[in-house]
Each structure stands twice: as C-alpha cells, then as structure tokens.
Amino acid sequence: MSPPSTHNRKGTCHLIHQYRSPLNAPVHTRAAVIFLLCVCTLLSVTDAFVIGKNLVRHESVVNTGDAFILRAEEKDTASNFPSIPQVVEYEGRILAPHEDFRCGFVSLIGAPNMGKSTLLNAILKETLCSATNRPQTTRHSILGVLTSDEQKCQLCFHDTPGVIDDPAYKLQEGMMEAVQGAFRDSDVILVITDMFSTPIPDDELFHKLNLSNKKKIVVINKVDLADKVSADPKQSPQFHMSRDNDAEPQYRRTVTVEDAVSNWRGLVPDAVAIIPMTASNGGDNAGVDALRTLLLGGEDVPKAFRALGRPIPGMFQEGVKFINDDAARELIPCGPPLYDPETLTDRTERFFASEIIRATLFTKLGKELPYCCEVRIEQFREPRPEDKKQIVRINATICVERDSQKGIVVGKGGVKIKEVGVEARQELENFLQGKVHLDLNVKVEKNWRRDEKKLKEYGYLKN
Ligand SMILES: Nc1nc2c(ncn2[C@@H]2O[C@H](COP(=O)(O)OP(=O)(O)OP(=O)(O)O)[C@@H](O)[C@H]2O)c(=O)[nH]1
Ligand SMILES: [Mg+2]
C-alpha cells in the first residue's frame, strides 16, 4: 500500500511513512511483537487476548514502527464474553519504551456548531478545517497534528462531525461512525460545549464517555456571547440548540460562565479541567493557549491558567488548585511520534479543496440546500516548474440529489454558481498560497445521501 500524501505546515504535499518494519525496532520490541503475534494466533479462535488484567477482543494490531496499537471495542467484549463480570473497555497501545517522547490522540466531540473546527484551527494556528455558521459543516473525522520538539510531545487531534441523536439518512450514520471511531481511538476527549451548556445530543455516547477511563477536558466555548444573551431562553437565539426542560434533567441551560463551569463539573465529574474560552479569537488567546499548554505539558501550565484570570470554582477537580506540569505530562502517554514533525494532517490537498468548496456552498446557499450537496474533485493539477503560468487547476463537480436543486445551485443565468466559484477560488488561493483556476459543474446524483455505494465512493462509509 502506498503511503498517504499529506498536507504539511509549509503548505506543500509530501509523503510520510507510517509503516516501518518491526525488524528495525530494538530487540526487546521485536520480542514483544513476536510474543503478541503468537498470542493473537493462539487465540484466533476466540479472537481475544489478555493484556494486564483486561480481556479484550482483538480488532486490529497496527504496527507503526515503534508502536503497536491494539484496538478493541467494549461492546464486542461484553457481548462475546458474557461471563466477564463488568464491561471491559480497552483501547490500549503497547508502546516500545520511549521515555523521552509523548504522543497521543485527542478527539474534539460535541454537538454541531459548538466551534470544534474553529478550535482545532486555533490550537494548530492554521486554517485547516472548514468552519461555517451552519450546523453539520464537518462530515469527516479530520486529523490535525501538532508536534512540539521543545515539549517532546506530538498531539494527533481529530476534528469530528457534530453529534446528532437520531441520524435521518445513511450519510449521517456514516458521520456518526466517524465520531465513534475518533472516540474509540483517543487518549483524551475534548468535550466541546458552549455558554448554554449545549449537551452531546447522544445520551449513549455521553454515558460511554463518563464510564470510560479516558482523560476528559471540557471546553466551554463562545463565552464572548455571555453578555449578549438573555436569561430568558425564549429570547435567546440559541434556545433551539439546548434541551433544557425535557428528558435529561442533568442538562441545565446556563447563561453565565460560572454557571456553565459548575454545571459541567456535575456532568463530567472527573474532567481534568473545564476551560472557558472564545475559540474564534484565534490561536493566541488565553483559553486556547491554556488548553494547548495543558495538552503539551511542561511549559508552565499554572502560568497559562493564571492568564485566564481568577480560577472559577469547578474548573479543576476537587482539591486541585492548579494542574502542575508533572500532572499535565500524564495526559498524553509516552511513545514515539507517529508523524513527521512537519506533518499537519494525513488528508490530501484534494480533500481540503472539496471541503473549501462545500463550505462556500454552506455560506452561499440558503436553508436545506447545502446538506444535499457533495463536492467531488475530478482533477487537481499542480503546475510543473517549467510551466509559464504557475496555476493549480481544479475541476470539481457539485453533486445534488434532484433536478430542482441543480437549478437553484446554478441560479438564473448561472449567477449563483459564478458567485460560489469566485468565493471558493479566493479561499482555495489562501489555502494553497498560489493562483488557482477553478471549474465547477453541477450534476444530479439521485438520493446520494441514502445510497450506500455512493457513500462508500465518497468516503463516508467504510468499504
Ligand atoms: N461567538 C463565537 N462564535 C464562535 C466561536 N467559535 C466558533 N464560533 C462560530 O460558531 C460557528 C460554528 O463553528 P464551527 O467551528 O464550524 O463549529 P463545529 O462545532 O465544527 O460545527 P460542525 O462541524 O457543524 O459540528 C461558526 O460560525 C464560528 O465562527 C466563539 O468562540 N465565539
Ligand atoms: Mg466542524
């Protein structure tokens, strides 16, 4: 299998090699691998094995060179081994001894429109993920990598689609699969909510989060709205996002930062920290900086939190005044980096081109229409050095579900599609840092959101 092409911090494409032969690993690592593979083979009848005191179902063993990643799903374990007295959750990594470096997965999970993509961009100080004022902008799980040589730490973030309670069609099922996958693979979960304590709308996932021994950090985003909202929910523009007075009594609508912190301390009692912030203020604001410093560990974490002002009761666990550097370093497990330090993501520029065009459709088209749109990049041609004009040529198809939608996307006399094209091209030029020629076509792909074959082709469902 060829290694993926990645977008790196310099904005150009390069290749990474995730797979390195175990034969290059130190002797003790090789011994551990051979032992593990023997165990897997021996237990292939039950497809399970024991690590520590946990009995787990073997789903995959991924060799990343120095690290061997084992994945197991708790529900499989529970249903396949009913004699186990309690549900065993295990997403462990067996890491070669590598005391010098820490590397871990951090997933951003929350309701749609909470600012997950905005926050990831702010943490990375890059415009990687598309963010719009429409819910469900993000449809895939998107990797963003932050490596600090100084802190000897690599954080592999996953932006995820906003959680929805009840997927209405196959596309949304695929999106929720992406959330579950990111949840499973993470060492740390960032629960993203807002001033109004908007919950994760899937109770099962929320309970799974609370039962899991993953590290949790709650981000209360959009605190800039604190003085703009009314305590009367009916007068608040965000009322519909909250379900304050129905089923789940523990979800309480809040309108002050203090109230939101205290509410979430009750909802996620073992959260390492609850951090209020305004992610849309960019990467250098105090909240984002405190979060980044906490996750990287070791760069005067108390100072970064002091910059947030007086600690709000409930920000830390009971008895914890400030998280010190040593405690912060325990958030991310020891292990070698999985990606080259220059790597920003494992997605291609082609992928981000389609995301940028889709985000433009979200902002330019009204109501439900953007949800019926998918963007496929037919051609992405970078200029050769000898070309006179250094232009990236992109040819994209916007797929809609019905003829009537095609008419709206194109607009009278092609006005709408022209508008979308102009704006998308500007965004693409910012992203690619160079001139872009963009061709857009609109095509009807009947009911693609419900078509399993199409969804697999578009990367929303696994093959
Ligand atoms: N006022 C305010 N708006 C914010 C803040 N952070 C994000 N936003 C806005 O909230 C909207 C949603 O942001 P996104 O980053 O797309 O949210 P998301 O959680 O990724 O949304 P989905 O991808 O749909 O799940 C955008 O219009 C952002 O500009 C913030 O701190 N304050
Ligand atoms: Mg998003």
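The structure presented is a predicted model; accordingly, all values stated were derived computationally and were not measured. Order of listing sets the numbers, starting from 1, for every ligand and every atom in it.
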| Cation over ring face, Lys214 and Phe105, 6.0 Å, 45° | no
| said: With a sphere of 6.0 Å drawn around CD of Gln379, does it hold more than 12 non-hydrogen atoms of other residues, nucleotides or ligands? | reply: yes
| query | Taking atom types as modelled and ignoring hydrogens, do the side chains of Glu423 and Thr360 form a donor-acceptor contact shorter than 3.5 angstrom? | reply | no
| note | Lining ligand 1 at under 4.0 Å, by non-hydrogen atom distance, are residues Pro112, Asn113, Met114, Gly115, Lys116, Ser117, Thr118, Ala131, Thr132, Asn133, Arg134, Pro135, Gln136, Thr137, Thr138, Gly162, Asn221, Lys222, Asp224, Leu225, Thr278, Ala279, Ser280
| message | Inside 2.8 Å of the Mg ion (ligand 2) but strictly below it, how many protein N/O/S atoms are present? | response | 2
| field | By side chain to side chain donor-acceptor pair (under 3.5 Å) - contacts of Asn395 (at least two apart) | value | Asn441
| task | Report yes or no: is the cationic atom of Arg449 (NZ for Lys, CZ for Arg) closer than 6.0 Å to the six-membered ring centre of Tyr169, at no more than 45° off its axis? | result | yes
| query | Does a donor on one side chain and an acceptor on the other come within less than 3.5 Å for Thr137 and Thr132? | reply | yes
| request: State the NZ-NZ distance between Lys446 and Lys454, to the nearest 0.5 angstrom. | output: 12.0 Å
| With sequence neighbours left out, what residues match Phe316 under ring pair (Phe, Tyr, Trp, His ring centres under 6.0 Å)? | Phe305, Phe322
| field | The single option from Leu344, Leu143, Thr147 passing side chain to side chain contact (heavy atoms under 4.5 Å, CB included) against Tyr339 | value | Leu143
